[in-house]
Amino acid sequence: MVVLAAIGEEEASKRVIEAAEELATAYDEDLVVVHVIPDDAMDEHIRTMRELPGYSDTGVSDETERAADFARRMVETTLDQTQRERVTVEGRVGSPEAQIRSTAEELDARYLVIGGRGRSPVGKAMFGSTTQSILLKSDRPVLTIRTTDDR
């Protein structure tokens, strides 16, 4: 079994990785960090990544590898060398909710750690919510880390 951390392209995803690493350590599990590039938002995703410090070299290449590379870089800038020894990364392309749930099932994840933006119920109803969908449909424990500082 593993602990699966699903991260987005925001800098606050580092908090998801940190929480997942603590959980993996506590339960003596390996940690897998997955980043999903939404297939319907590829161009916007590339622009967003290029705006992050250290990602200006992001170009058009294999989307799955690019997603894995993003996860790898986030892990490297978040965890120290000792913490990274039991971490692997996964890159996926498609529906984030479907890909995260599929990865959790494939890896038989003991826990799933995800970020949440703290939108209002109306915002979730109007725009949907990957986090909410995963919480409602997951067949395993989910730890949600707030990825915005507004309270």
Side-chain angles (χ1 to χ4, degrees), residues 1-39 41-42 45-46 48-58 61-119 121 123-124 128-151:
M1 294 185 113
V2 301
V3 172
L4 179 64
I7 62 168
E9 58 273 352
E10 56 276 332
E11 193 74 15
S13 287
K14 290 180 177 184
R15 291 193 295 234
V16 172
I17 294 170
E18 291 167 342
E21 191 278 330
E22 288 178 21
L23 196 58
T25 298
Y27 287 97
D28 196 30
E29 300 283 358
D30 289 337
L31 172 60
V32 177
V33 178
V34 64
H35 176 62
V36 180
I37 298 176
D39 54 2
M42 190 65 59
H45 183 266
I46 292 170
T48 301
M49 286 181 59
R50 285 181 177 167
E51 292 173 3
L52 291 173
Y55 296 95
S56 62
D57 61 339
T58 300
S61 64
D62 178 59
E63 291 86 1
T64 302
E65 182 53 38
R66 188 167 54 241
D69 182 56
F70 181 82
R72 190 175 303 107
R73 289 183 186 196
M74 288 294 279
V75 167
E76 289 171 356
T77 60
T78 304
L79 303 177
D80 65 34
Q81 181 62 41
T82 304
Q83 292 171 311
R84 292 193 308 254
E85 290 176 0
R86 293 175 47 184
V87 178
T88 57
V89 297
E90 293 259 343
R92 301 286 177 108
V93 175
S95 159
E97 184 258 331
Q99 291 296 320
I100 292 165
R101 288 181 56 232
S102 172
T103 304
E105 186 175 320
E106 288 170 21
L107 298 174
D108 192 24
R110 182 175 187 160
Y111 290 97
L112 177 54
V113 183
I114 58 177
R117 292 190 180 101
R119 291 193 298 202
K124 289 175 189 170
S129 171
T130 299
T131 301
Q132 182 179 24
S133 182
I134 290 170
L135 284 168
L136 293 173
K137 296 178 183 177
S138 182
D139 62 351
R140 62 201 70 243
V142 179
L143 174 62
T144 306
I145 305 300
R146 189 178 186 114
T147 58
T148 56
D149 290 327
D150 53 303
R151 291 180 169 57

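All values below come from the heavy atoms of this structure, side chains included, with hydrogens, waters and symmetry mates left out. Sequence positions, counted from 1, serve as the residue numbers for this chain.
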Practice prompt. Walk me through it: do Gln132 and Leu136 pass the test side chain to side chain contact (heavy atoms under 4.5 Å, CB included)?
Written response: CA-CA 6 Å; Gln132 182 179 24; Leu136 293 173; 3.9 Å; yes
Determine the minimum heavy-atom distance between [X] and [Y], stating which atoms define it.
| X | Y | answer |
| --- | --- | --- |
| Ser138 | Leu112 | OG-CD2, 4.5 Å |
| Gly116 | Thr144 | N-CG2, 4.1 Å |
| Val3 | Val113 | CG1-CG2, 4.0 Å |
| Ala20 | Leu31 | CB-CD1, 3.6 Å |
| Ala5 | Val16 | CB-CG1, 4.2 Å |
| Leu79 | Arg84 | O-NH1, 2.8 Å |

Worksheet item: Just by distance, with hydrogens left out, do Glu10 and Ser13 show a side-chain donor and acceptor under 3.5 Å apart?
Response: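 Result is yes, a qualifying pair exists.
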Discussion item. Between Gln99 and Thr103, is there a side-chain donor-acceptor contact under 3.5 Å, judged purely by atom types and distance?
Written reply: no
[X] side-chain N/O to [Y] backbone N/O, donor-acceptor pair under 3.5 Å:
| X | Y | value |
| --- | --- | --- |
| Arg110 | Glu29 | no |
| Thr78 | Val75 | no |
| Thr131 | Gly115 | yes |
| Gln83 | Asp80 | yes |
| His35 | Ile7 | yes |
| Arg92 | Ala67 | no |

Spacing of [X] atom [atom1] and [Y] atom [atom2] [to the nearest 0.5 Å]:
| X | Y | atom1 | atom2 | value |
| --- | --- | --- | --- | --- |
| Thr130 | Ile100 | OG1 | CD1 | 6.5 Å |
| Leu52 | Arg73 | CG | CZ | 10.5 Å |
| Thr77 | Ile17 | OG1 | CD1 | 7.0 Å |
| Leu4 | Ile114 | CG | CD1 | 10.0 Å |

Check whether any side-chain heavy atom of [X] lies under 4.5 Å from a side-chain heavy atom of [Y], and answer yes or no.
| X | Y | answer |
| --- | --- | --- |
| Phe70 | Arg66 | no |
| Val87 | Val33 | yes |
| Glu97 | Val36 | no |

Worksheet item: Should Arg101 and Lys137 be marked as a side chain to side chain contact (heavy atoms under 4.5 Å, CB included) after you check the CA-CA gap, both sets of side-chain angles, and the distance that decides it?
Response: CA-CA 8 Å; Arg101 288 181 56 232; Lys137 296 178 183 177; 3.7 Å; yes
Worksheet item: Got a sec: does the CD of Glu105 have more than 12 other heavy atoms crowding it under 6.0 Å?
Response: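 Incorrect, the count does not exceed 12.
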Discussion item. Please evaluate residues Asp28 and Arg86 with respect to the criterion salt bridge (Lys or Arg N to Asp or Glu O under 4.0 Å), reporting the C-alpha separation (whole Å), side-chain torsions for both, the decisive distance (0.1 Å), and the verdict.
Written reply: CA-CA 10 Å; Asp28 196 30; Arg86 293 175 47 184; 2.9 Å; yes
Fill in: Evaluation steps, salt bridge (Lys or Arg N to Asp or Glu O under 4.0 Å), between Arg72 and Asp69
CA-CA 5 Å; Arg72 190 175 303 107; Asp69 182 56; 3.5 Å; yes
